Amino acid sequence: MASRYNFKESESKWQTQWAEADCFGVTEDPKRPKYYVLDMFPYPSGRIHMGHVRNYTLGDVVARYKRAQGFNVLHPMGWDAFGLPAENAAMERGIHPAAWTFDNIAIMRDQLKGMGLAIDWKRELATCHSGYYQHQQALFLEFLKHDLVYRREAWVNWDPVDHTVLANEQVIDGRGWRSGAEVEKRKLAQWFFRITEFSDDLLKALESLERWPDKVRLMQQKWIGRSEGARVYFPVCGRDEKLEVYTTRPDTLFGASFCALSANHPLAGEIGAKDPAAAAFIAECNKLGTSEEAITRAEKKGYDTGIKVRHPLDETWELPLYIANFVLMDYGTGAIFGCPAHDQRDLDFARKYELPVTPVILPPGHEVAAFSIQDEAYVGPGTAINSRFLDGLEVDAAKSQVIARLGDLGAGQGTVQFRLRDWGASRQRYWGCPIPIIHCQACGVVPVPSDSLPVTLPEDVSFDQPGNPLDHHPTWKMVDCPSCGGPAQRDTDTMDTFVDSSWYFARFCAARSDQPLDRAAVDYWLPVDQYVGGIEHAVLHLLYSRFFTRALQRMGYLDVEEPFDGLFTQGMVCHETYQGADGRWLTPGDIHAGDDGGLVGPDGGVVTRGRSEKMSKSKKNTIDPALIIETYGADTARWFMLSDSPPDRDMDWTESGVEGAFRFLQRLWRQVDERIDSLPPAGAALPSNLSTGAQSLRQAVHKTIAAFTGDLDQFRFNRAVARVYELSNSLAAFRPEDENDKWVEREALESLVQMAGPMVPHLAEELWHKLGQTGLLVEQAWPVADSSLIVDETVMLAVQVNGKKRALIECARDLPEGDVEAQALADQAVRRAMEGKPARKVIVVKNRIVNVVV
RNA sequence: GCGGGUGUGGCGGAAUUGGUAGACGCGCCAGACUCAAAAUCUGGUUCCCGUAAGGGAGUGGGGGUUCGAUUCCCUCCACCCGCACCA
């Protein structure tokens, strides 16, 4: 009687053995090729969710596979542990953020260990630990020394209820995500990382990231947003001042009919100071929501300042100067010239304020006299008209001509403009890395001396009033100036948590070093060979990390430009959604099948089945991985994660799918269990005289090894899983004819177990030992296919007549074309389909297909 | 609005990158085992006509290139994602 696989016993047993043998602990070894596999480290929110399970299963397959291939594999884990939820927990439940965070880490660490991940836990780190952030503070001061971080006044999103700055991502439809208050724009002194120093580099190097998804590269490219154009200076009438404007269309300069300032432009501020109506308009602009709809719905509005500016190429030509709500302070110079004929916004604005619309670019095939602008601006190519010395030139030629002329006159020059802005990293929060700066009335900004690091967070803080707890703390910020000894104050802001995650991959190389980075270790391990995580970090985290790596290289901390050589972005884990009659979301655990085949809720009410969506608390369609692991085991969860859906696509979590995965693992166990007593011993030599059935099973084994290996290399895990099923099916159908044949059964079973190893490591380890092997499977080299076995001697060729398949013929591999053609034409079904007509043409594709054209 | 992606049986998906469409799994159907159920095993399962042999249609719709198209081109539709007043 076949017994069953006891996953509970087995999983904890092997986890213990791997840990005791320190299988996954690594050190630098220059003699061996290294492979650094990194999974995006989790935020310790409380418990692991299915997204983590998918992410870490994918990374673990790579880590274990590369390890079996002989690489020295670094696969670490840590905690992205600073952030708002900890402060929210403190406010809502009165738990200290540190206690909440460390409790969560303890729970989640156990959960991850229960997944059987091949991780070097000795390198574990948490960004909220002073042992980590002290080095971050040291790096910050290095950045400051190298002028890669600086302080300036900046417009920020201000939540007037919570008294704090919000990141752009925390502003939803113009309102603070927590308070719901309308966000205002305020000017505050903030620390900025000089990411724009590397704009060009960051953009150009995207091309070299061949093992990144195109999608991510494209998103970063758009985000960096390089454009070529010109700075143009418009003299302001009655002032000894010039208005600087950025444009990508200097060729349309003679079509200008106005200039416009952003409401936050310094000149607008000056004007507002004297002109109450202007001030009111500016205030209105600043209140305007930043949400999508607010922007698309907002009417183009302007305020005529009454001031005139002179055209840079004609001092007799005066243009009105407006303050306009659609001009962004963040882009270019915060001021534009308007050319209504060739820009839709400018056209809308010109129509509203009855400004002239002069076409200066003539579309190909049009006559000057017959061409005019109606409701749509013309943005296409053409030749310059109404443009004096530019007339007749194509757009590109006109651009370079006008830039040359502007240069001669000192009225402008060609420039490259980026959309990317410096990274504002100050946060008015408690649970983050303190900025190691002291503000002294006498000395100004003074860095905290390195021997005074770390600047640790005070533990006795209260969250009972809005705003920054560090600022409210009675004593923490009060210090003596390190420079003059006078009374001074600490910077009470903390760093954006994206700073924490911008260098953790490098810290993992020597996680206990007393320096931020250990040069020998980073030189050995970096770059990360395979990074695995969600697409949601396509821009922010992945761009910041690329910037940090460049900055660290410049400062001599490491010598790579790109942190992540290969990037894989996994899809989301989805589940069906359920709603009760009252419209409330119901959790899958409360749903069961009714008698009539429909779904019934907890109270017996009717349940509507909704579309499958990303698992989320709000839709209540989450499945707790802990429950799955408890019921089916970690290997089942891992196996199901890898089956069916390609890893980069969203997948559906279904109960029946999990059960299917569980069934297969049990079947694999049975296949070994039922045969083990009659198998030859482990290590026995290949016998001669195998039956044809055994020979073809051997072929199947080696073909599978070759294909499976290729699939793993390409992240095609779902296909790799299917190949294991196929081989398992072949083995199940196999009947050995004699003792020799049983050698092949052993070979098939051992190969199956080895291939399954990276995916379902506990079961595979168990079976490996059941098969009589003595060492650990994780120490076993990856199987290699015998190339002489993966080529068939005969092939099945499809024969088409006029493109329709009519027959299958079996031929010797590489049979000459003439022989193949003869065999095809002799086939009964082919002849019937040809209806006695002669073949006009016969196409033979070697070892693949024959097409007869009649 | 701009950019990108996806679309194949009841479902998840496969198809050697222009060469036998539907591998593998889920589900379903039938059978075996069982007093029975579960588990397991065997067979079947794109649709239509046909008892069958066989035939026809078929990869979101329409058109094209080709001996041959899920794959390439044009066009339309649906859904998803990213960016969004970027001058």
Side-chain angles (χ1 to χ4, degrees), chain A residues 2 4 213-216 218-219 221-223 225-227 229 245-249 252 260 262 288 290-292 294-300 324-328 330-339 342-346 348-349 417-421 535-536 538-539 572 611-612 639-640 643-646 648-652 654-661 663-664 666-667 670 707 710 716 718-729 732-733 796-808 829 832 839-854:
Chain A
R4 278 167 77 84
D214 290 342
K215 186 184 167 116
V216 175
L218 194 72
M219 281 166 71
Q221 186 191 317
K222 296 252 167 197
W223 188 268
R226 183 181 194 274
S227 76
V245 151
Y246 174 73
T247 178
T248 54
R249 294 298 302 273
T252 64
S262 161
L288 193 74
T290 48
S291 72
E292 287 176 35
I295 286 166
T296 28
R297 264 194 279 108
E299 206 183 339
K300 308 278 171 283
N325 65 351
F326 66 92
V327 182
L328 304 173
D330 292 329
Y331 187 75
T333 61
I336 60 155
F337 84 83
C339 174
H342 305 291
D343 182 289
Q344 192 59 45
R345 281 164 317 195
D346 295 349
D348 295 345
F349 192 82
Q417 180 70 41
F418 290 93
R419 201 190 87 110
L420 184 67
R421 285 172 257 150
I535 186 84
E536 66 273 19
V539 175
M572 297 182 299
R611 50 179 283 178
S612 183
W639 187 252
F640 179 55
S643 312
D644 293 352
S645 295
D648 53 341
R649 255 195 245 180
D650 291 352
M651 68 171 289
D652 253 323
T654 61
E655 187 71 13
S656 57
V658 178
E659 276 169 8
R663 268 204 305 273
F664 177 73
Q666 289 291 349
R667 176 177 135 118
R670 259 194 328 273
R716 308 183 73 154
N718 57 319
R719 233 167 41 156
V721 165
R723 294 192 200 282
V724 167
Y725 276 104
E726 278 178 291
L727 183 57
S728 169
N729 289 344
M796 296 299 287
L797 293 186
V799 184
Q800 298 182 331
V801 177
N802 289 337
K804 268 190 204 302
K805 184 176 90 174
R806 296 297 177 178
L808 279 176
R832 199 177 332 122
R840 284 198 291 138
K841 197 172 169 189
V842 180
I843 293 131
V844 179
V845 182
K846 203 175 192 182
N847 298 329
R848 194 142 292 171
I849 203 167
V850 180
N851 193 7
V852 181
V853 187
V854 295

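Fair warning: this is a prediction, and the values are worked out from it, not measured in the lab. In what follows, every chain begins at residue 1, and chains take the letters A, B, ... in the order their sequences are listed.
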Short side-chain N/O contact to B/G25 OP1/OP2 from A/Tyr725, under 4.0 Å: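 So the side chain of A/Tyr725 is outside the cut-off, no N or O lying under 4.0 Å from OP1 or OP2 of B/G25.
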
Any A/Asp346 side-chain heavy atom under 4.5 Å of A/Phe326 side chain: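 Touching, per the 4.5 Å side-chain cut-off.
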
Identify whether any heavy atom of [X] sits under 4.0 Å from a base atom; if not, whether one sits that close to sugar-phosphate; answer base, sugar-phosphate or nothing.
{"X": "A/Val327", "value": "base"}
{"X": "A/Met796", "value": "base"}
{"X": "A/Tyr246", "value": "base"}
{"X": "A/Leu808", "value": "base"}
{"X": "A/Lys805", "value": "base"}
{"X": "A/Val853", "value": "sugar-phosphate"}
{"X": "A/Arg611", "value": "sugar-phosphate"}
{"X": "A/Asp652", "value": "nothing"}
{"X": "A/Ser645", "value": "sugar-phosphate"}
{"X": "A/Arg840", "value": "nothing"}

Derivation and outcome, side chain to side chain contact (heavy atoms under 4.5 Å, CB included), residues A/Phe664 and A/Ser643: CA-CA 11 Å; A/Phe664 177 73; A/Ser643 312; over 6 Å; no

Just the rounded figure in Å: distance from [atom2] of [N] to [atom1] of [X].
{"X": "A/Phe349", "N": "B/C85", "atom1": "CZ", "atom2": "P", "result": "17 Å"}
{"X": "A/Phe664", "N": "B/C26", "atom1": "CZ", "atom2": "P", "result": "10 Å"}
{"X": "A/Gln666", "N": "B/A39", "atom1": "CD", "atom2": "P", "result": "13 Å"}
{"X": "A/Arg649", "N": "B/C79", "atom1": "CZ", "atom2": "P", "result": "19 Å"}
{"X": "A/Arg663", "N": "B/A38", "atom1": "CZ", "atom2": "P", "result": "13 Å"}
{"X": "A/Phe640", "N": "B/G13", "atom1": "CZ", "atom2": "P", "result": "11 Å"}
{"X": "A/Asn802", "N": "B/U20", "atom1": "CG", "atom2": "C1'", "result": "17 Å"}
{"X": "A/Asp650", "N": "B/G5", "atom1": "CG", "atom2": "P", "result": "17 Å"}

Donor/acceptor link under 3.5 angstrom from A/Lys300 side chain onto base of B/C85: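 Such a pair is found, so the answer is yes.
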
Donor-acceptor pair present, A/Arg848 side chain and B/U16 base, under 3.5 Å: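 Answer yes: a donor N or O sits under 3.5 Å from an acceptor.
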
Modelled atom types, side-chain donor and acceptor of A/Asn729 and A/Arg667, under 3.5 Å: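 Looking only at side-chain atoms, A/Arg667 and A/Asn729 do form a donor-acceptor pair, the distance falling under 3.5 Å.
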
Which nucleotide wins on minimum distance to the side chain of [X], given the candidates [options]?
{"X": "A/Arg806", "options": "B/G55, B/C83, B/G19", "answer": "B/G55"}
{"X": "A/Ala722", "options": "B/U17, B/C24, B/C67", "answer": "B/C24"}
{"X": "A/Leu218", "options": "B/C83, B/A87, B/G3", "answer": "B/G3"}
{"X": "A/Ser656", "options": "B/G68, B/G55, B/C26", "answer": "B/C26"}
{"X": "A/Thr248", "options": "B/C41, B/A87, B/A21", "answer": "B/A87"}
{"X": "A/Gln800", "options": "B/A87, B/C24, B/A21", "answer": "B/A21"}
{"X": "A/Met219", "options": "B/A14, B/U40, B/G82", "answer": "B/G82"}
{"X": "A/Asp343", "options": "B/A87, B/U40, B/G13", "answer": "B/A87"}
{"X": "A/Arg670", "options": "B/G27, B/U17, B/C41", "answer": "B/C41"}
{"X": "A/Asp644", "options": "B/G25, B/A23, B/A84", "answer": "B/G25"}

Quick one: look up who [N] pairs with, Watson-Crick or G-U, both distances under 3.5 Å, and put none if it's unpaired.
{"N": "B/G50", "answer": "none"}
{"N": "B/G22", "answer": "none"}
{"N": "B/U40", "answer": "B/A32"}
{"N": "B/G3", "answer": "B/C81"}

Span that lies between the P atom of B/G18 and that of B/C73, in whole angstrom: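 That atom pair is separated by 11 Å.
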
Euclidean distance for C1', B/C49 against B/A36 (whole angstrom):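 One C1' to the other, the span is 42 Å.
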
side-chain contact (heavy atoms from CB on, under 4.5 Å) partners for A/Thr248, two or more places apart: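 side-chain contact (heavy atoms from CB on, under 4.5 Å) check on A/Thr248 returns A/Ser227, A/Tyr246.
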
Minimum heavy-atom distance between A/Arg806 and A/Ala829, given as atom pair plus value: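 Closest approach of A/Arg806 to A/Ala829, heavy atoms only: O-CB, 3.4 Å.
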
Pair A/Arg249 + A/Asp343: basic N to acidic O under 4.0 Å: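 No salt bridge links A/Arg249 with A/Asp343.
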
